[in-house]
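Below is one structure, written out as structure tokens, with a few remarks after it.
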Amino acid sequence: MQVPLLDLKAQYATIRAEVEAAIAEVMESQHFILGPKVEQCEKAIAQYSNRSYAVGVSSGTDALLACLMAENIGPGDEVITTPYTFFATVGAIARVGATPVFVDIDPVTYNLDVTKIASKVTSKTRAIIPVHLYGQMADMDAVMAISEKHGLVVIEDAAQAIGAESKGRRAGSIGHYGCFSFFPSKNLGAAGDGGMIVTNDAQRAEKLKCLRAHGSKPKYYHKVVGGNFRLDALQAAVVFAKLPHLDEWTAGRQRNARKYDQLFQEMGLSGNSTGASSVALPTVVANRHIFNQYVIRVSRRDHLQDALQQRGIGTEVYYPVPMHLQECFGYLGHKVGAFPESESAAKETVALPIYPELSEAQLRHVVESIRDFLSSSPSTESNSSKPASELVGKPTWR
Ligand SMILES: *Cc1c(COP(=O)(O)O)cnc(C)c1O
């Protein structure tokens, strides 16, 4: 039995007619950049995330970048974020010339450990970028309290969390800005790159619209330097056509997550620690986790991945090298051990297939394969005891 990490074809088969019609409409209009399709999509996403304004952009990455540019954040400024995220979060900070300041994660949710933010605030701090990792929101009450106390801008990186909720509030609806990605593997994926920024602030929305078109307003008059961060009409049309299905897809992911939890428990594999024969399951603390990823923690992660691959099961590590240990951020001077929770998560976590169209038999195959691996492998072995030859091509910081 094959269980790919993600099967976009299975989903497309259920919505082909709607997506094809949406694409055909754009082709007939020959209106490809911004325009009515993009506006329609912006309205729908603003509404879906309980915000007044939405600005379509070229990617989740450019969404983050444009927000930092809109706040004139640059050299000499510090932006607080997590080292355990997709590169774009930190890349955007570096690209505007600001300094990323890391705060370690909570080992249970993998989101920012909010108790550690306050001690990192300095007179240079301008913003905080909390990331709602894997589809579960970070503790935004704590983030907003710090933001209010110190006058900091909050940019929610909600690229993995569209529709997630905490205390009844949607991802992207709490900070000054919320950034979404429509990268195809996200829960609401386009047919290429795309992204969106939501905000309640009319002036910020206007500034973002100006920045996404090279800072031009009116046309060919530039008060500021922006970029080409525009959303394509084709991408907007695909996203708009898929949006009405998002809640049922989210329900499917949540159903699969519950099923995994149940199967791991039935087979006696779930534990809170990463004991040699148990698995730490995702812990849901927010009230709507949308499970962009279902991430477990195991002590012999790399061996488990190999074993699952041999059984036709796709997995992925999000992310194998935390940002403070990336070569390009070497100038920040962080050493191994600087953010221990992020480093352990990078060594011990693995994402299992969770997409909504998975069958119960597939879920069972995944959990049974993990059980077989855990019961057959020597329990003393750990990632760090791998022979050196197996580490070739792997990050050297391990
Ligand atoms: C996907 C992702 C992004 C970037 O989105 P793109 O659309 O791929 O540019 C940023 N942050 C996080 C946490 C992501 O998962």
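In each ligand, atom 1 is the first atom listed, and ligand 1 is the first ligand listed. Reckoned from all heavy atoms, side chains included, excluding hydrogens, waters and symmetry mates.
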Enumerate, atom names and distances included, each donor-acceptor pair closer than 3.5 Å involving a side-chain atom of residues 13-25, sequence neighbours excluded.
residue, atom, partner, partner atom, Å
Thr14, OG1, Gln11, O, 2.6
Glu18, OE1, His245, NE2, 2.6
Glu25, OE2, Lys37, NZ, 3.4

For residues 185-198, which side-chain N or O atoms pair as donor and acceptor with protein atoms under 3.5 Å away, sequence neighbours left out?
residue, atom, partner, partner atom, Å
Asn187, OD1, Asn292, ND2, 2.7
Asn187, ND2, Ile290, O, 3.1

Side-chain atoms of residues 150-163: list all donor-acceptor pairs with protein atoms under 3.5 Å, sequence neighbours left out, distances to 0.1 Å.
residue, atom, partner, partner atom, Å
Glu156, OE1, His132, NE2, 2.7
Glu156, OE1, Gly172, N, 2.7
Glu156, OE2, Ser173, N, 3.4
Glu156, OE2, Ile174, N, 2.8
Glu156, OE2, Gly175, N, 2.7
Asp157, OD1, Ala159, N, 3.1
Asp157, OD2, Thr89, OG1, 2.8
Gln160, OE1, Tyr134, N, 2.6
Gln160, NE2, Tyr319, OH, 2.9

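Electrostatic pairing of Glu78 and Lys120 does not count as a salt bridge here, judged by no charged N lying under 4.0 Å from a carboxylate O. Between Glu348 and Arg301, none of the side-chain N atoms (NZ, or NE/NH1/NH2) sits under 4.0 Å from a carboxylate O, so this pair counts as no salt bridge. Between Lys116 and Asp113 there is a salt bridge, with a side-chain nitrogen of the basic residue lying less than 4.0 Å from a carboxylate oxygen of the acidic one.
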Expected rows: ligand 1 N/O, protein N/O, dist below 3.5 Å:
residue, atom, partner, partner atom, Å
ligand 1, 5 (O), Ser181, OG, 3.3
ligand 1, 7 (O), Gly60, N, 2.8
ligand 1, 7 (O), Ser181, OG, 2.6
ligand 1, 9 (O), Gly60, N, 3.3
ligand 1, 9 (O), Thr61, N, 2.8
ligand 1, 9 (O), Thr61, OG1, 2.5
ligand 1, 11 (N), Asp157, OD1, 3.2
ligand 1, 11 (N), Asp157, OD2, 2.8
ligand 1, 15 (O), Gln160, NE2, 2.8
ligand 1, 15 (O), Lys186, NZ, 3.0

